[in-house]
Q: 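If you scroll down you'll find the structure; I have some questions about it.
Keep in mind that what you see is a predicted model, and the values were worked out from it rather than measured.
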Amino acid sequence: MIKKFIDKLIAKATPAGRRASASPFGKREEVPATVHGIDPERVDYRAVDVVRTLKDAGFEAYIVGGAVRDLLLGLRPKDFDVATNATPEQVKGLFRRAFIIGKRFRIVHVVHGRGRENEVIEVSTFRAQVDNVAAEQVAGNEKTSRSALAGMQHAVGSSGRVLRDNVWGPQDEDATRRDFTLNAMYYDPETQILVDYHKGLADAKKKTLRMIGDPAQRYREDPVRIIRAVRFAAKLSALGFTLDAKTAAPLVDSQRLLADVPQSRMFDEMLKLLQTGHAIATIEQLKKLGLSRGIYPLLDVVVERADTAFVRAALTDTDRRVGEGKPVAPSFLLACVLWQDVREGWDRRLQAGEHPLPALQEAIDSVFDLRIGDVSGRGKLAADMREIWVMQPRFEKRTGRIPESMVAQLRFRAGFDFLRLRAEVNEIDEALAEWWQEFSTADENQRYDLLEQAREEQKARQRVAQPVVRRVPKAAPARGPAADGAAPADDATVAGEYADADAPKKRRRRRRKPGGGEGGGAAGTPGGAD
């Protein structure tokens, strides 16, 4: 008994003992289905299969993150992630089609199905909450210090940003290193138990977005959490959620930390803000939180032009398509945002006398250099944007084989949708967009009729555009009083009567009568010049 009592005293004096009595990693709460209310029918069967396979192999496994949050709130999750205590190598060994990816965070992509039915379940290993002070220090970021990071499991950059985080640990520590309480819950689809360490369920009921731990420190560890805070606030604003005051307070001061994040990652995060179905709400949150400028240069342009008719229509259309489950392409939205720059540059070159097509190409190149840089690698994204822009003047030409070749192009639909948005904001005649809509869905005979209609419209426009040439009569020669004593006519009468008096007379060619005789009626014709 005395030995046990002494052991307890020693245990309380040790760090491990203090952790047992008051864990800094939260208290595990297991919430039954009768309380959390998640509908198991809404859980993706492929995620359930991954969890079951891992558990059958003797590992812990749960659906985790945003999928649990959305299931809890009655939303349809975009994708499903799984967390486990199996290492990436152990996970990979359990599935036929599994791939270890990432350096900063090593995870496994388990692939189900092929072609359009292809679905990726992302599997991560529980990570330890390691003190960043004890981490290996690296000067710069992962791009400038790539060789130094080779082989490191836990490394921190000069700004305090975590560059490597691959130290495995227990589930409670994994929950603590996640960002928001709403994203730190674990769901077992077999037992339907929800595991909650940081009062995420209570925050869901209070409609509060709260950062786990000290928000300023968490933003230093990964500045992209600033963007995630905006994205979640925008997504859940329609349900009445708001950012916790302590979570929102350091956002503006922490914004400068984003300068250390690689531009490629920032570009991807910007697209997530604009293409997850809440673009309009995102713009509102950026303004509300004081982050309308400074996150990323191209995002600054989006926010600046969000109130213009064309960009507003593009953002609204993107939100609508996402809401309907339709695909959206970043090339289309960015082409809409930067169309103002392309159009202005093109107009300047045309006014300088350049040929239309080379002028348009040069304007596009200039916009890529100014607004996008090398982030996209000038690859498919840039090629698609260029094709959308180059199509616009070609839509004006509806003669010959041009319409059929346009409709046959791979990017015709994107170019036409761009044209349709231009018509909606009265940048072009709506009749032009309607004509192309009909032509793209018409059969051969209907297309012939539409081409004839376009020709007639073109002829009518040309007739209207041609200037009307009117003959101006020459002034009549000055005349004195009439010899017969008649009163002189006024100027208008004189001008009308003698308008053609000095005009050269047409000489008519006389035709010989059959038989060689000359005709005798021409010289004495009434009203003739003689």
Side-chain angles (χ1 to χ4, degrees), residues 305 308-318 320-321 326 329 331-333 335-364 367 383-472:
R305 297 177 180 174
T308 63
F310 188 55
V311 175
R312 188 82 175 184
L315 294 171
T316 302
D317 191 63
T318 298
R320 176 189 61 80
R321 289 183 64 86
K326 296 179 180 178
S331 56
F332 182 84
L333 181 57
C336 292
V337 171
L338 299 178
W339 174 239
Q340 176 180 327
D341 295 328
V342 172
R343 195 177 63 245
E344 290 174 355
W346 190 24
D347 287 343
R348 284 195 303 270
R349 287 168 172 81
L350 290 176
Q351 291 172 9
E354 296 185 27
H355 191 275
L357 183 57
L360 178 57
Q361 296 286 8
E362 288 180 12
I364 292 171
V367 170
D384 289 348
M385 292 172 66
R386 184 185 297 274
E387 196 165 356
I388 289 171
W389 288 329
V390 171
M391 277 186 187
Q392 299 312 302
R394 295 191 68 195
F395 280 119
E396 303 285 347
K397 300 176 181 179
R398 295 176 289 165
T399 58
R401 304 294 295 180
I402 291 177
E404 289 188 0
S405 65
M406 287 278 287
V407 172
Q409 288 190 32
L410 183 63
R411 299 293 298 166
F412 168 78
R413 196 69 212 179
F416 170 73
D417 287 343
F418 194 92
L419 181 81
R420 177 178 53 81
L421 281 182
R422 293 175 63 202
E424 285 184 11
V425 299
N426 299 318
E427 185 178 313
I428 60 168
D429 189 352
E430 189 173 351
L432 181 63
E434 292 176 352
W435 187 93
W436 279 100
Q437 174 67 42
E438 291 183 43
F439 188 86
S440 64
T441 57
D443 58 28
E444 185 176 352
N445 292 331
Q446 291 172 326
R447 286 187 176 183
Y448 178 82
D449 293 339
L450 287 167
L451 288 172
E452 286 296 314
Q453 172 194 330
R455 288 192 195 98
E456 293 301 321
E457 290 175 359
Q458 184 176 4
K459 290 179 182 178
R461 286 193 298 270
Q462 289 174 346
R463 284 195 297 269
V464 171
Q466 287 178 349
V468 178
V469 179
R470 299 181 183 275
R471 294 185 61 185
V472 180

Q: So which atom in Arg447 and which in Ser440 form the shortest heavy-atom distance, rounded to 0.1 Å?
A: NH2-O, 3.6 Å
Q: Do the non-hydrogen side-chain atoms of Cys336 and Arg305 ever get within less than 4.5 Å of each other?
A: no
Q: Nearest 0.5 Å, please: how far is CD in Glu344 from CZ in Arg348?
A: 6.5 Å
Q: Quickly, which of Arg422, Arg343, Glu427 forms a side-chain hydrogen bond (donor to acceptor under 3.5 Å, both in side chains) with Gln392? Name it, please.
A: Arg422
Q: Do side-chain atoms of Trp389 reach the backbone of Val342 as a donor and acceptor pair under 3.5 angstrom?
A: no
Q: Are the side chains of Glu424 and Phe310 in touch, meaning some heavy atoms are under 4.5 Å apart?
A: no
Q: Please round to the nearest 0.5 Å and tell me the distance separating atom CZ of Phe418 and atom CG of Leu333.
A: 10.5 Å
Q: Got Thr441 and Gln446 here, is their nearest side-chain heavy-atom distance under 4.5 Å?
A: no
Q: Please name the pair of heavy atoms, one in Val337 and one in Val311, separated by the smallest distance, quoted to 0.1 Å.
A: CA-CG2, 4.0 Å
Q: What distance do His355 atom NE2 and Glu362 atom CD have between them, rounded to the nearest 0.5 Å?
A: 12.5 Å
Q: Any non-hydrogen side-chain atom of Val425 less than 4.5 Å from a side-chain atom of Thr308?
A: no
Q: Might you point out which heavy atoms bring Pro403 and Leu451 nearest each other, and give the distance in Å?
A: CG-CD2, 3.7 Å
Q: Check Leu360 against Val390 and note the closest heavy-atom contact, atom names and distance.
A: CD2-CA, 3.8 Å
Q: Could you tell me which non-hydrogen atom of Ala363 sits nearest to which non-hydrogen atom of Gly345, and how far apart they are?
A: CB-C, 3.8 Å
Q: Once you round to the nearest 0.5 Å, how far does CD1 of Ile428 lie from CD of Glu430?
A: 9.0 Å
Q: Starting at CZ of Phe395, measure out to CZ of Phe439 and round the result to the nearest 0.5 Å.
A: 11.5 Å
Q: Does the side chain of Arg394 reach to within under 4.5 Å of the side chain of Gln409, using non-hydrogen atoms?
A: yes
Q: Measure the spacing between CZ of Arg321 and OG1 of Thr316 and express it to the nearest 0.5 Å.
A: 14.0 Å
Q: Please tell me if the side chains of Arg398 and Trp435 come closer than 4.5 Å, counting only heavy atoms from C-beta onward.
A: yes
Q: Are side-chain heavy atoms of Leu421 and Phe332 found at a separation under 4.5 Å?
A: yes
Q: Identify the two heavy atoms, one from Ile402 and one from Ser405, that lie closest to each other, and give their separation to 0.1 Å.
A: O-OG, 2.8 Å
Q: Would the number of heavy atoms belonging to other residues, nucleotides or ligands and lying under 6.0 Å from CD of Glu444 be above 12?
A: no
Q: Is there side-chain contact between Val407 and Phe416, with at least one heavy-atom pair below 4.5 Å?
A: no
